[in-house]
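One structure is given here, and the rest of the page talks about it.
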There are 2 protein chains.
Amino acid sequence: MIRANDKNIKTWIEVSENSDFSIQNIPFGIAKVNNEVFVATRIGDTVVNLYTVARLGHFDVAKDVFASCRLNDFMLLGKQATRDVRDKISDIFNANNAEAKNNVELQEALLNVNDVEMLMPVEVGDYTDFYSSEQHAFNVGCLFRDPDNALMPNWKHIPVGYHGRASSIIPSGTSFHRPKGQKKPPTEEMPVFGQSNLLDFELETAFFTYEGKPLGDSISTEEADDYIFGMTLLNDWSARDIQGWEYVPLGPFLGKSFASHLSCWVVTLDALEPFRTAGPVQNPKVLPYLEYAGDKHVDINLEVLIQPEGGEETSVCKSNYKYMYWNMNQQLAHHSVNGCNIKAGDCMGSGTISGPKEGEFGSMLEISWKGTKTVPMKDGTERKFINDNDTVIMRGFAEKDGVRIGFGEVAAKVLPAK
Amino acid sequence: MIRANDKNIKTWIEVSENSDFSIQNIPFGIAKVNNEVFVATRIGDTVVNLYTVARLGHFDVAKDVFASCRLNDFMLLGKQATRDVRDKISDIFNANNAEAKNNVELQEALLNVNDVEMLMPVEVGDYTDFYSSEQHAFNVGCLFRDPDNALMPNWKHIPVGYHGRASSIIPSGTSFHRPKGQKKPPTEEMPVFGQSNLLDFELETAFFTYEGKPLGDSISTEEADDYIFGMTLLNDWSARDIQGWEYVPLGPFLGKSFASHLSCWVVTLDALEPFRTAGPVQNPKVLPYLEYAGDKHVDINLEVLIQPEGGEETSVCKSNYKYMYWNMNQQLAHHSVNGCNIKAGDCMGSGTISGPKEGEFGSMLEISWKGTKTVPMKDGTERKFINDNDTVIMRGFAEKDGVRIGFGEVAAKVLPAK
């Protein structure tokens, strides 16, 4: 049992009933106030400057780790040290800790969330994106091939993945321009250049790794938990028209690399332990290096909303991370089985997470069934893909036994092409 | 005219006739002597500690840049500043510079190449690998499809590329283990796990970028030269059996990510300017954003040799970088046309560089024509792919008007699977 996970813990900080940031959460992020940048956590609507807390001598690790502008140095401390810090934070803000509550110096660490700018949490070294939701892979296979051959022959044997672009991963709240590129509309004989007209979101989660083993060594499914720091939400934007023309035979490239958005609070794998759940039966049986023991999936409610300029949010997808066919342990074991070295701060995307039912599909490609259906917005407009000035918002949380652990949101507005 | 490129310059440092490291080269790398790590250049067999030179006040940029363990800080200075440093180095070691030659303090910067360990030159943020040799793409198409449909429909419209793994890029001289992974031999009904039996090299060059523009902006073919720092040789190792089973539909992943080797000296694009040459006529005509003016290809002789354990080197390929269909300017313009941000230290591979004739193919896949031909070694053994304990060596140089600018070599030994 991880100490900070105890569902009976209360905090002396005010937390509203439906807050994503219960005292059992204690996520980590990078915050900025008045040009000071520091590692932070959040409890309710209070952002805690952990550099201030560290300078007061509360942690057993070097305080400079918390003065960093990215979480990588913190992650380099490894699982036990970061777990100890989370436990210590839980102790400090425990409702029974009157000494801390009355400590004037500690009050200086407490900031209102509205006074804080959240920055990119992690310096991503390598970004890998998996393709691990069966329903999504099946839907895409139906749309581009046929239902009888929807899944590729390798799909149930390998957590299929590919390398993505790290430099264009940006934090929630950063607007971006609709990408331009080369595409070949079915009506044209030759490719053309222009703005993407089929801009799409992909509902994903991402996990971030601790420093792995040296090049040449592998991480087993059993060891994988010790190498996973935490998770965020990920919107893996996709320009379907650019992607469709470029991706054979070497995979997605410019159809993805214009922007990918992360939510700003990294929820630790420790915090998500109480929400573990069983995955699907894997048939055919996987090779031994992909076998795993115990519940390694996680029950996380996910939602996607589209907010037209000046309008209300319309929910277009409710899905769940538990729908994954391949779990993080299998993904990491597969990724390193060839000896590939994993670094602190690597980002691994789940792939689009689609549930089995309509209303649970994690991309407009699937929701509009390749543009053959329209999706009504509350303001009376319709969507097949994403329009200029739309904001796409993804939210996610786990909830059980009266404890809610949420991610906040990843939201980003699409500006017109430059 | 770039000052350091003058073919008439002689140096007071001894340089043997066929040295890759003429006074017109002045490449940059990271060297280590007695636990001191510094930015270095090489003239003949003399490695020059540029941090020592900087501390003597010879450069106009902050000396700490040369105390770095990677070239990224140097690259962040931009084209003009790095060009000025190269010109200044040329002046210092010019045969006419008696003052420098007789400067006792400067002597301390001079090291014998055998006393120096060369390290990874660049911290690679993102690694992109292109697929820009027509003969290679054609050969692969013939081997896996048929000669009439060898090139994909997009190939002559797009410099096809994909994201590769940055963490496993390592410097020349670093041995590595044959990778293991999942593969599906044609004789088996189900996939199996085991060591790769079809380990291959890919003869490539790489270029490294200066800091690009912000996310959302593009670099034109005309601007591209200003964003390219220099080049190395690249051996993009490939496990053909792992790659064959995994790569549809999202591209190469574990078949590549176990190791990629770079040569240690980054030869500047400035140094290569005299060796520019015309590229092939591109038909069909490319879209305007891929058009370019002037000679943007480079005439670089390339060679691959296999050295069995304890045996002699056997040359198995002689190719040339001028055989590329797409040049670096087109690759960089394409990469950024969707707004993807390029960072200082990004690495972009050419893709396997195969020439039009037999003997010019840049991978064993092509040389052995998918294992249907054997390649004789000088020690009497034969190869179809790469054996355990083989060392694969790649060399490259440009030569014209009595000036030779070389890359040295990228060499790596394959150890048995762990």
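Note on naming: letters A, B, ... go to the chains in the order of the sequence lines (proteins, then strands), and numbering restarts at 1 for each one.
- The distance from atom CZ of R165(A) to atom CG of N341(B), rounded to the nearest 0.5 Å, is 6.5 Å.
- Taken to the nearest 0.5 Å, the CD1 atom of I158(A) stands 7.5 Å off from the CG atom of L254(B).
- L250(A) approaches Y162(B) most closely through the heavy-atom pair O-CB, 3.3 Å.
- For a heavy-atom cut-off of 4.5 Å, chain B lies close to W245(A), E246(A), Y247(A), V248(A) in residues 239-248 of chain A.
- Ring orientation note: the planes of H334(A) and F253(B) are tilted relative to one another, at an angle of 30° to 60°.
- The minimum heavy-atom distance linking P191(A) with H157(B) is given by the pair CG-ND1, 3.3 Å.
- When L215(B), L290(B), I342(B) are compared by the number of non-hydrogen pairs under 4.5 Å with chain A, L215(B) comes out ahead.
- Classified by interplanar angle (parallel below 30°, tilted 30° to 60°, perpendicular above 60°), the ring pair F193(A)/Y289(B) is tilted.
- In terms of heavy-atom pairs under 4.5 Å with chain B, the best-connected choice from S196(A), G181(A), P153(A) is P153(A).
- The candidate from E123(A), K184(A), K418(A) with the greatest count of non-hydrogen atom pairs under 4.5 Å with chain B is K418(A).
- If you measure heavy-atom distances from P284(A) to chain B, the contacts under 4.5 Å come from the side chain alone.
- Taking chain B as the reference chain and counting heavy-atom pairs below 4.5 Å, the highest number among P179(A), S257(A), S168(A) is found for S257(A).
- By number of non-hydrogen pairs under 4.5 angstrom with chain A, the leading residue of W155(B), Y127(B), F258(B), F176(B) is F258(B).
- Counting non-hydrogen atoms of other residues, nucleotides and ligands closer than 6.0 Å to NZ of K370(A) gives a total above 12.
- Residues satisfying the side chain to side chain contact (heavy atoms under 4.5 Å, CB included) criterion with Q195(A), sequence neighbours excluded, are R178(A), K180(A), N197(A), A417(A).
- For K213(A), the NZ atom sits in a packed shell: over 12 heavy atoms of surrounding residues, nucleotides or ligands are nearer than 6.0 Å.
- Options P249(B), G125(B), G161(B) differ in how many heavy-atom pairs under 4.5 Å they form with chain A, and the most are formed by G161(B).
- Contact between D126(B) and S167(A) at its shortest, heavy atoms only, is OD2-N, 2.8 Å.
- Contact of the N154(A) side chain with the Q182(B) side chain is not registered, since no non-hydrogen atoms from C-beta on lie closer than 4.5 Å.
- Neither the backbone nor the side chain of F144(B) comes within less than 4.5 Å of any heavy atom in chain A.
- Only the side chain of T128(A) comes within contact range of chain B, judged by heavy atoms closer than 4.5 Å.
- For the options I170(B), L415(B), D346(B), T174(B), heavy-atom pairs under 4.5 Å to chain A are most numerous at D346(B).
- Heavy atoms closer than 4.5 Å to chain A are found nowhere in V124(B), neither backbone nor side chain.
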